[in-house]
Amino acid sequence: MFAPPFSKLTFAKKQLQCQIQIFFRKTIMSAASKALSQGASKTTNNAMPRTAITPTRADNYPEWYQQVVDQADLAETSPVRGCMVIKPWGYGLWEQMQQKLDKRFKDTGHVNAYFPLLIPLRLLQKEADHVEGFAKECAVVTHHRLATDASGKLVPASPLEEPMVIRPTSETIIGEVYAGWVKSYRDLPILINQWANVFRWEMRTRLFLRTAEFLWQEGHTVHATAAEAQAETELMWQVYADFMQDCLAMPVFMGRKSANERFPGAVESYSLEAMMQDGKALQMGTSHNLGQNFSKSANIQFLDKDGQHKHAYTTSWGVSTRMVGGLIMAHGDDDGLILPPRIAPSQLVIIPVVRDAAGEDALLDHCSKLASQLGSLSYAGESVRVHLDKRDMRGGDKFWEWVKRGIPIRLEVGLREMEQGTVTLYRRDQGSKDRITLTHDQLAQQLPTMLQEIQDNLFARAKAYQQDRTYHITNRQEFEAIFAKGEDGVGSKPLGFAIAPWAGDGALEDALKKDFAVTVRCILTTPPPAGSRCAFTDQPAREMVVLAKSY
RNA sequence: CGGGGUGUAGCGCAGCCUGGUAGCGCAUCUGCUUUGGGAGCAGAGGGCCGGGAGUUCGAAUCUCUCCACCCCGACCA
């Protein structure tokens with residue numbers, strides 16, 4: 001066994017500096033290179049507990065995020081620039097989100113429909129602000145055929161008379177269609193949602209957080225009055241908030257968007273802002289009151305009860321696969337993903353501990369029965385989702401794989417448990433070695449409660465973190481304590497959200513963005529305390545804003 | 001679109017300066033040993049070295065030229 005040249009280690013220097021130093025001293029070089037090539041620490045040193053994910057959140061948050069996406073088997077980059085492959089465990093998460101949201105949409109009177117992927121250029125052209133907002137990031141289809149050139153290569157042929165854009169969002173095409181549907185006040189309201197993919201030519205992409213193509217839902221509604229449209233916008237905003245808190249166990253700040261941050265073409269945008277564990281904000285969803293902007297550009301008119309032709313009022317609202325990224329960064333730890341039970345694709349995994357072939361069949365049979373027994377229980381109005389992991393792998397590998405995937409509960413069942421009629425249970429919201437032994441009856445009795453405990457626990461943790469990192473500030477010095485970098489590259493307070501009385505304008509927002517990379521995430525609905533003054537301009541405060549760095 | 005970098009086995013890399021047709025770790029497969037935790041030992045399979053052209057007896061290595069991707073900026077759910 002000889003030591004490999006140091007250069008071999010350089011690529012991972014950043015993540016593994018600490019480990020490398022230890023390894024060098026101990027000259028366990030084979031262990032080190034093994035660890036490096038797996039992108040995971042294999043240290044056996046007690047002084048530094050081994051984590052399933054390397055680096056840790058504290059060491060390198062962005063890299064930790066990428067590793068979790070990889071190690072939890074959620075998604076990977078694809079051969080297509082900027083586009084991801086969502087793998088079954090990641091897609092399962094999205095399916096759970098879809099299911100829960102869809103129910104809420106239906107419960108509030110909406111129905112689903114589907115509109116075309118391609119949008120003729122002239123439609124996009126119609127709304128000026130909208131054009132300006134999306135023009136730079138559209139993929140454009142210009143040909144409708146492929147031909148082979150002299151060298152046998154496929155080349156686009158037959159140019160389209162009018163190019164089409166791949167929808168970056170569907171306001172324009174849906175507006176065009178709605179214009180044909182709406183004639184009378186009797187046709188209103190229209191309450192439609194679409195589950196779809198959209199495409200935006202993003203410069204820099206990160207799995208789930210910003211990819212060129214992503215999956216989302218977009219609700220598009222039409223109303224007879226401004227008040228109805230406003231009510232719809234706020235209703236769906238609230239539906240999102242309930243979903244995020246109840247299912248994703250994520251607390252959010254809710255507020256209006258400033259003119260700078262508003263959706264192109266909207267009169268008012270309302271957002272939900274969640275805090276990630278690095279103190280940065282992630283916009284989890286938006287609900288827009290589009291006023292008459294799109295109904296005028298698409299000519300959505302109706303004959304009202306009073307015999308007058310009027311332009312309708314429209315709204316749109318959406319959330320995307322980006323929420324998966326938010327979920328990872330809100331709940332994950334240094335051992336990987338942690339999933340709230342309500343949206344976990346599987347809530348419980350049974351890992352049979354097989355010692356030798358002798359008892360294997362009986363054990364698997366025993367576990368299958370246990371799985372169906374547990375699967376017949378219900379939690380949060382649904383059957384408990386149980387997975388039996390029968391794969392022919394070593395137990396330890398399976399154990400850690402499920403830790404990294406974030407499954408809420410792991411059960412181990414070996415011959416010993418089988419004989420005793422017990423299981424060994426581990427909760428993902430507790431230490432990876434913390435286990436309890438339960439009889440089947442105890443388990444069946446306690447499981448639903450335990451799932452809810454995990455759900456509540458995750459929310460409470462996220463909420464505590466959010467509150468801990470939310471600072472109420474009244475002046476610029478307090479702002480800079482959070483966001484201005486000192487000599488060591490960090491502020492004197494941990495990065496987080498600042499809530500400030502505000503009387504600023506777009507120019508001030510631009511300045512804060514330029515100097516501190518901080519933006520107004522949203523304008524809270526709560527008014528500023530009487531007599532309070534803007535933290536930056538010292539003018540009488542108009543409103544309270546949430547300031548943060550964001551994804 | 002500006003600045004920098006990288007393309008060698010599934011993944012991560014070495015080899016290139018000083019040309020002699022390819023190596024390491026992990027992963028994979030097989031056997032034995034292990035087994036309440038992310039194994040051990042032994043063996044095996046896997047690469048026209050991003051594409052093309054040139055120099056040369058000979059190119060992963062030198063020259064030219066394309067192409068792709070990554071990082072930093074401008075943009076964003």
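Reminder, nothing fancy here: chain letters follow the sequence lines and each chain counts from 1.
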Sugar-phosphate, base or nothing in reach of [X], heavy atoms under 4.0 Å:
X        : answer
A:Gln217 : nothing
A:Thr437 : nothing
A:Tyr551 : nothing
A:Leu282 : nothing

Report the distance from atom [atom1] of [X] to atom [atom2] of [N], rounded to the nearest whole Å.
X        : N     : atom1 : atom2 : answer
A:Arg405 : B:G38 : CZ    : C1'   : 15 Å
A:Met393 : B:G36 : CE    : P     : 16 Å
A:Asp389 : B:G36 : CG    : C1'   : 15 Å
A:Asp73  : B:G38 : CG    : P     : 21 Å

As a test of reading the structure: which of B:A77, B:G38, B:G36 is closest to the side chain of A:Ala52, going by heavy atoms?
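When the side chain of A:Ala52 is considered, B:G38 is the closest of B:A77, B:G38, B:G36.
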
Does OP1 or OP2 of B:A39 have a side-chain N or O of A:Arg394 closer than 4.0 Å?
yes

Is there aromatic stacking of A:Phe214 on B:A77 here, judged by a ring-centre distance under 5.5 Å and a plane angle under 30°?
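Here the ring of A:Phe214 and the base of B:A77 are stacked, with centres under 5.5 Å and planes under 30°.
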
Under the ring-ring contact (aromatic ring centres under 6.0 Å, His included) test, residues paired with A:Trp400 that sit two or more places apart:
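Partners of A:Trp400 under the ring-ring contact (aromatic ring centres under 6.0 Å, His included) test: none.
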
Residue among A:Trp195, A:Trp89, A:Trp216 satisfying ring-ring contact (aromatic ring centres under 6.0 Å, His included) with A:Trp94:
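Checked A:Trp195, A:Trp89, A:Trp216 against A:Trp94; only one passes ring-ring contact (aromatic ring centres under 6.0 Å, His included): A:Trp195.
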
Is the distance between the ring centroids of A:Tyr61 and A:Trp64 under 6.0 Å?
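Yes, the ring centres sit under 6.0 Å apart.
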
Let me know, please, whether A:Glu417 or A:Thr286 comes out on the 5' side of the other along RNA chain B by nearest nucleotide.
A:Glu417

Most 5' of A:Gly285 and A:Arg204 on RNA chain B, judged by nearest nucleotide
A:Arg204

Let's test this: given Watson-Crick or G-U wobble pairing with both distances under 3.5 Å, identify the partner of B:A44.
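With both distances under 3.5 Å, B:A44 matches B:U28.
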
